[in-house]
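Report on the following structure.
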Protein chains: 2
Amino acid sequence: MSKNVTKSDQHKEKILEISREMFAKHGYEATTTRMINQEAGTAEGLMYYYFPHGKHEILDTIVCQGIINRVNQLQTTFNDCYTKADLEERLMKIFEDIWQVFQDKENYQSFVITIHERMLLSDDQADWLLQVLEGLVDEIAGQLKSAPILQTMPEDQYRPLARVIVSIFQKIIYDELLIKNNRQLTEQMKAQIRPQLKVVL
Amino acid sequence: MSKNVTKSDQHKEKILEISREMFAKHGYEATTTRMINQEAGTAEGLMYYYFPHGKHEILDTIVCQGIINRVNQLQTTFNDCYTKADLEERLMKIFEDIWQVFQDKENYQSFVITIHERMLLSDDQADWLLQVLEGLVDEIAGQLKSAPILQTMPEDQYRPLARVIVSIFQKIIYDELLIKNNRQLTEQMKAQIRPQLKVVL
DNA sequence: GTCTATAGAATGATAGAC
DNA sequence: GTCTATCATTCTATAGAC
C-alpha cells in the first residue's frame with residue numbers, strides 16, 4: 001500500500017521517459033523499439049513485459065499521462081485591476097505562466113506528440129488539448145468579469161473577449177513551438193503580444 | 001518548349017498525388033514505397049527513375065509545390081466599409097475565403113504534412129506557413145487603413161489589430177483541421193467568430 | 001524480472017532485361 | 001521509360017534460459 005518505488009518501476013519509467021523523448025524528437029514511426037531499448041539501457045524483450053501490446057501501448061500511456069499532468073489551474077485574480085494597464089500586466093503574466101508550462105520537458109513533449117501523431121490517436125486522446133484551451137477561456141472570462149475596470153462591459157462580451165485573448169496566446173505558442181521550433185521566451189514575442197492586448201482591452 | 005504533358009509526366013504526377021494523399025493520411029514514415037507504387041499503379045523500380053534520391057525526395061517535392069500553390073492574394077477591399085457591421089461582414093468573408101483554400105485537397109494535405117512532418121523539414125521548408133500568415137497580417141492591416149470607419153484609429157494600431165484578427169482565424173483553423181479533424185465549415189464556427197470580431201472592432 | 005537469441009515479415013533501394 | 005526480381009537491412013515481436 002505504500003508509495004515505494006521498486007526497481008522494476010524505475011525500468012518502466014525509464015522506458016516511458018526515453019520513448020517520450022524520442023517520439024517527440026523523431027516521431028513515433030521513426031523511433032524503433034531497438035533505439036528505445038538501447039537508450040533506456042534495457043534488454044530487447046523487457047519492454048514487452050511492461051507493455052504487452054508493444055510500441056503503441058507506450059504511445060497511449062504517454063499521451064494519457066500528458067493529459068493528466070496538464071490539468072493545472074491559473075492562480076491569478078483580476079479583482080484588483082482598476083486600470084487597463086493593470087489588466088494588461090496581469091494578462092502578460094498569464095501568458096508567461098502558460099509558456100512556463102511548456103518549459104517542463106514532459107509537457108512540451110506530450111504536446112508535440114499529440115499534434116504530430118494525431119492520426120494515431122483517438123478523438124478522445126486528442127481532445128485534452130481543446131479542453132485545456134476551453135478551460136483557459138472559461139478561467140479568463142471569469143476573471144475578466146471580476147475586474148473593476150471592466151464592470152461596464154455588457155455581460156455577453158466577456159467570453160468572446162476571453163476567446164480573443166486565448167487566440168492571441170495560442171497563435172504565438174503554435175507558431176513558436178510547432179513551426180519555428182523555439183522554446184525560448186523572447187522579448188520580441190512579448191513586444192508582439194502587448195500591443196495586441198492594448199487593442200482589444 | 002510547349003507545355004505538352006507527356007505520358008511520363010503523368011506517371012510522375014500520379015506518384016506525387018498518391019504520395020501526398022498517403023503522407024497526409026498515414027504520415028511519412030508509415031507510408032511505404034510499396035503502398036505508393038501499388039496505389040499509383042506503377043512498378044517497383046519506376047519511382048527511383050523519377051526520384052533518384054528516393055522517398056525523401058518525394059516529400060521535399062510535395063512540400064515545395066505546396067509552398068508555391070499557396071501564394072494567393074485576397075481580392076477584397078475595405079474602402080467601402082462605412083460601418084462596423086460592414087467591416088465585420090467583410091472580415092467574415094475573408095475567413096470563408098481562407099477556409100476555402102483548405103477545401104482544395106492539395107492545399108489541405110500540404111498543410112497537414114508540413115505540420116506533422118515538421119522534424120523532417122528544413123526551417124526554410126516550414127517557413128512558408130509563417131510567411132503566409134505574415135502576408136495575411138500585412139494584407140488585412142493595409143485594408144483596415146483604407147476603411148472609412150477606422151480613419152480615426154491611431155496609425156500604430158492597425159497592425160496589432162490585424163494580428164489579432166489573424167489570431168482569431170488561425171486558432172479556429174488549427175483547432176478544427178489539426179485537432180478535431182474537421183474540414184467542414186459549420187454555422188457554429190461562424191457563430192463563434194462573429195462576436196469575437198465585434199469585440200475587437 | 002531480466003536477459004539473449006532469433007523468428008518472420010516488411011522495408012528502401014538496386015540490377016538488369018526489355 | 002517501364003518492368004520484374006531480388007538484395008541487404010531492419011523492423012516488431014516472441015521463445016525460452018536464468
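Chain letters run A, B, ... following the sequence lines, proteins first, then strands; residues in each count from 1.
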Rounded to whole angstrom units, what separation is found between the [atom1] atom of [X] and the [atom2] atom of [N]?
X      : N       : atom1 : atom2 : value
Y49(A) : dT2(C)  : OH    : P     : 7 Å
N37(A) : dT4(C)  : CG    : C1'   : 12 Å
K12(B) : dT2(D)  : NZ    : P     : 12 Å
I15(B) : dG12(C) : CD1   : P     : 14 Å
K14(A) : dT2(C)  : NZ    : P     : 15 Å

Query raised in the report: Is any side-chain N or O of Y50(B) closer than 4.0 Å to OP1 or OP2 of dT2(D)?
Result: yes
Query raised in the report: Are OP1 or OP2 of dT2(C) and a side-chain N or O of H11(A) less than 4.0 angstrom apart?
Result: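 The answer is yes; a side-chain N or O of H11(A) sits under 4.0 Å from OP1 or OP2.
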Query raised in the report: Taking the six-membered ring for Trp, is the centroid-to-centroid distance between F169(A) and Y174(A) below 6.0 Å?
Result: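 No; Y174(A) has its ring centre 6.0 Å or more from that of F169(A).
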Query raised in the report: In chain order, what residues pass the ring pair (Phe, Tyr, Trp, His ring centres under 6.0 Å) check against Y108(A), with sequence neighbours excluded?
Result: none
**Report entry** Salt-bridge criterion met for E176(B) and R183(B) (N-O under 4.0 Å)
**Finding:** no
Query raised in the report: Is it true that E89(B) and R194(B) have a side-chain N and a carboxylate O under 4.0 angstrom from each other?
Result: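 Looking at E89(B) and R194(B), the cut-off is met.
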Report summary line: A correct 5'-to-3' footprint of nucleotides 4-18 of chain D, with B, S and - meaning base, sugar-phosphate only and no protein heavy atom under 4.0 Å, is BB-----BBBB----
Requested in this report: Report yes if the side chains of F78(A) and L150(A) come closer than 4.5 Å at any heavy-atom pair, otherwise no.
Outcome: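 Sidechains of L150(A) and F78(A): no contact.
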Report task. Among K55(B), Q125(B), H53(B), find the residue that satisfies the side chain to side chain donor-acceptor pair (under 3.5 Å) test when tested with D60(B). Result ->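 Among the candidates, only Q125(B) passes.
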